[in-house]
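What follows is a short report on a single structure.
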Amino acid sequence: MEEVQIKINDAEEIAVSKGTTAEEIFASNKVGQDAVAARFNGQLIDLTAPLNTGGELKPLRRTEPEALEMLRHSTSHIMAQAVRQLFPGVKVTIGPSIENGFYYDFDYDSTFTPEDLPRIEARMAEIIAQEQPFSRREMSRAEAIKLFENLGEPYKVEILQDMDDEEVSIYELGDFIDLCRGPHLVSSKKVPAFKLLGVSGAYWRGDERRQRLQRIYGTAFFARKELKQHLNFLEEAKKRDHRRLGKDLDLFSIHEEAGAGLVIWHPRGALLRALIEDFERTEHLKRGYDIVSGPMILKTDLWQASGHFDNYRENMYFTEVDKISYGIKPMNCLSHMLIYKSRLRSYRDLPLRYFELGTVFRHEKSGVLHGLIRVRQFTQDDAHIICTPDQLNDEIKGVIQFVVDIMGVFGFEFETEISTRPEKSIGTDEDWELATTALQTAMEDMGLKYDINVGDGAFYGPKIDVNLKDALNRRWQCATIQCDLTLPERFDLTFVGSDGERHRPVMIHRTILGSIERFIGVLIEHYAGAFPVWLAPVQAVILTVTDRGDEYAREVYAKLKNEGLRVELDLRNEKLGLKIREAQLMKVPYMLVIGDREVEQGGISPRTRTGKDLKFMTVEEFKARVQPEIQPPVFQ
RNA sequence: GCCGGCGUAGCUCAGUGGUAGAGCAGCUGAUUCGUAAUCAGCAGGUCGCGGGUUCGACUCCCAUCGCCGGCUCCA
């Protein structure tokens, strides 16, 4: 029989007869017993795939990320089989693995309800117990089209018709046949732990004009313990939900009677905001920005001139004053342009960096509103940098450094991506090319990795988006750096160069935190409401044991308050345990206990919100101790 | 905007055709009690809003507003 040479264990070359499977090779050579699939010449393949050529073979182990993806993808097939059996007439579409699980989209006349999930899970458990093999078959595209036509699966037919490959593969699992690249687990029995998590709507191919589908989400793991951990993680995330904490910590509220997506800040939340905004103003001034401020409404004519009316109108609010139409600003750039144009600019003036904590209004679709994360009125830490083309690179780098510094302060890690020209946009191809290259070059100069997000730029230019990762590893878009070569053109911005001629400047739109509302929402979840001392709305609360300490407590309160500490006084006739509990639930960093001992010895007994007793100390000692923590962070 | 779910006291929730309930919070009183909940009493709701069905609607139907989970979109 014909033999092929297979390299295993990164070294050994062995000869096996053609058609031997990866599974057999692993078994006879005592490698990869825990393999769930294989890598053959770098390609992922089924364990049961026959090897017909020589090459390098490696096990795909459970611990590798691709293994988990495959497990989840296989589980989605199991779910699809269960759904087809329980709901005859359902049509299948696609069922990929996603970041923390998988989904499968179905087209079905009546709707799935959350009550259906346990039934589907039960059927899936049966399929798993039956140890059904996943078996792969390859065929021509034409054959596959015929197969899925006969099966009454029009979505699969559509996918096939759009494919370029002439050879395709299908996987059979019990009575369920799916078009699929694979690989898959050897059998359904290899799914140790799974759970269905929810149903929701989706559109065929993500296009809102096309067929509405029903999506079922689930997840799967190689160990029950891991599934449990994941479910705990979801619980933890729920506890940290900024909408919950916003209410519990009395930070903000949103009222039906005031309007959806409109945030009302309570004293503690407004204070938190003010602290962040003050910090930002200080940092911007240090970094050579000028603080500016523009009006909330500007004439619609001006929005027409800028291109916003044509490209962004559906997101804007309009109003009329003395029969003149005004647009309520969805962005801050127009005023900044007018400041620039208010006098003749020399190259010696550039770069100009205009910073505004600018409140903007955007008509977001009702279904997307979400706590502080997605609202209709929000304040951006917005700036527009107007510079010469030569300065562009340095300016972008300066902004990136700014982002790096600020994210460091809050302890966020982040990922970046560059978005390129969208369909609906203005400007010439050359300008877009130039701007996109400028962004890429700056990122490379800064040594930062980035993904390219094709067609996702703003209508006036390409952008770098910064997605920060919070403590629960979720990603949120906050900072954005957008390069713009078209607005300077439209507004005819110029500067006089050293040659005495007029030249066109370029412009960067950028934010660091993005929306203050969104950022605070993310921050609340990131810290689980336990803000660092410099941001805590209440930094310390004085708790008396009995009313014999009241007078002394008032003295201590006055002293600390006078030092600028945000301190509160709890003189209620309640037990110390209750006062501590309540301060704890409000996540106050320090609780200062005053009982008879403290009054006699002239001090306080602080305790931290982490439950640590700091023991008796004088007020001066406490002040010295917290001094470094109560100030905003300072950079070199 | 779309698909699905949900709106009952300040909060968390019970109540599926016959005059609305609990716990916590609130108020009043007692208690002076040292590191996550002292005890008792009182008060609190046109059941999101508007129509309809019915002798009768928190409960069934329609419409609408809002919220939740997704989709599309986005800071």
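The chains referred to below are lettered A, B, ... by the order of the sequence lines, with proteins before strands, and numbering in each begins at 1.
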Pairing nucleotide - B:G10, Watson-Crick or G-U, each distance under 3.5 Å: B:C24

Under 3.5 Å side-chain donor-acceptor pair for A:Y217 and A:R215: yes

Any-strand Watson-Crick or G-U partner of B:U16, both distances under 3.5 Å: none

Heavy atoms from other residues, nucleotides or ligands near CD of A:E551 exceed 12 (cutoff 6.0 Å): no

Donor-acceptor pair (no angle test) under 3.5 Å: A:R215 side chain, B:C3 base: no

SB check A:D207 A:R212 (cutoff 4.0 Å): no

Touch class at under 4.0 angstrom, heavy-atom based, for A:Y217 against every strand present: sugar-phosphate

Watson-Crick or G-U counterpart of B:C47, or none if no pair lies under 3.5 Å: none

Residue A:S200, side-chain heavy atoms: nucleotide from B:G70, B:G4, B:A75 that is nearest: B:G70

Touch class at under 4.0 angstrom, heavy-atom based, for A:T113 against every strand present: nothing

Partner nucleotide, any strand, of B:U35 [Watson-Crick/G-U, under 3.5 Å]: none

Plane angle bin for A:H363 and A:Y317 - parallel if under 30°, tilted between 30 and 60°, otherwise perpendicular: tilted

Sugar-phosphate only, base, or nothing, as touched by A:E517 at under 4.0 Å among non-hydrogen atoms: nothing

For B:C58, the Watson-Crick or wobble partner whose two distances fall under 3.5 Å: none

Touch class at under 4.0 angstrom, heavy-atom based, for A:K463 against every strand present: sugar-phosphate

